[in-house]
**Student:** 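Pasting in a structure now, in structure tokens, and then I'll have a few things to ask.
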Amino acid sequence: MKKYKSQSYIESNSPLDPYQLLANAIVLQAVKDYRVALKGLQKIPDSKDHLSEKASIERFFRSRWFGALTTIDPEYLIAKLQKEVDGK
């Protein structure tokens with residue numbers, strides 16, 4: 001059976017199972033998208049697209065689904081990302 005590069009990486013270099021890696025990737029993508037939305041709002045504060053995206057991701061962060069994926073406190077994460085983007 002042929003092993004793919006990512007498969008051997010998971011098996012040899014990571015104590016996490018593939019489902020945990022997927023959960024981490026989902027959360028990380030939401031964090032990246034949230035940063036983009038916040039930076040977009042800095043440039044165009046009344047942008048409906050960025051406001052909508054920000055609200056949607058905050059709903060995800062506060063959802064049961066997010067809680068199933070990670071143990072990160074959503075309010076802490078939101079505040080940390082806002083502070084990071086604001087440069088404070």
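When reading the values below, keep in mind they use all heavy atoms of this one structure, side chains included, and skip hydrogens, waters and symmetry mates. The structure presented is a predicted model; accordingly, all values stated were derived computationally and were not measured.
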**Student:** Answer yes or no: is there a side-chain heavy-atom contact under 4.5 Å between Val85 and Tyr34?
**Tutor:**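 No, their side chains stay 4.5 Å or more apart.
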**Student:** At what distance, to the nearest 0.5 angstrom, does OH of Tyr76 lie from CG of Leu81?
**Tutor:**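 These two atoms lie 9.5 Å from each other.
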**Student:** Return the CG to CG distance between Leu41 and Asp49, rounded to the nearest 0.5 Å.
**Tutor:**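 Going from CG on Leu41 over to CG on Asp49, the span is 10.0 Å.
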**Student:** Going by side-chain contact (heavy atoms from CB on, under 4.5 Å), name the residues that satisfy it together with Ala23, two or more places apart in sequence or in a different chain.
**Tutor:**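 With sequence neighbours excluded, Ala23 shows a side-chain contact (heavy atoms from CB on, under 4.5 Å) to Gln20, Leu69, given in chain and number order.
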**Student:** Taking the side chain as C-beta and beyond, is there a heavy-atom pair between Asp33 and Phe60 under 4.5 Å?
**Tutor:**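 SC-SC contact between Asp33 and Phe60 ruled out.
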**Student:** Just how far is it from atom CD of Gln42 to atom NE2 of His50, taken to the nearest 0.5 Å?
**Tutor:**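 It is 11.0 Å, given to the nearest 0.5 Å.
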**Student:** Given side chains that start at C-beta, do those of Phe61 and Val31 come closer than 4.5 Å, heavy atoms only?
**Tutor:**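 Yes, side chains in contact.
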**Student:** Report yes or no: does Ser56 contribute a side-chain atom to a donor-acceptor pair with the main-chain N or O of Glu53 at less than 3.5 Å?
**Tutor:**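 Judged by distance alone, no pair lies under 3.5 Å.
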**Student:** Rounded to the nearest 0.5 Å, what's the gap from CD1 on Ile57 to CZ on Arg35? Could you check?
**Tutor:**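 One gets 11.5 Å once the value is rounded to the nearest 0.5 Å.
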**Student:** Could you list the residues that satisfy salt bridge (charged side-chain N to carboxylate O under 4.0 Å, His left out) with Arg62, not counting sequence neighbours?
**Tutor:**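 Partners of Arg62 under the salt bridge (charged side-chain N to carboxylate O under 4.0 Å, His left out) test: Glu58, Glu75.
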**Student:** Please say yes or no: joined through hydrophobic side-chain contacts below 4.5 Å, possibly via intermediate residues, are Leu28 and Leu22 part of one cluster?
**Tutor:**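 Leu28 does not cluster with Leu22.
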**Student:** Is there a side-chain contact between Val36 and Lys32 (heavy atoms, below 4.5 Å)?
**Tutor:**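 They are not in side-chain contact.
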**Student:** Transitively linked via ILVMFWY side-chain contacts under 4.5 Å: Leu38 with Leu51?
**Tutor:**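 No; Leu51 is not reachable from Leu38 via cluster members.
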**Student:** For Phe66 and Ile72, work out which heavy atoms get closest and say how close.
**Tutor:**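 Taking Phe66 first and Ile72 second, the nearest heavy atoms are CE2-O, 3.5 Å.
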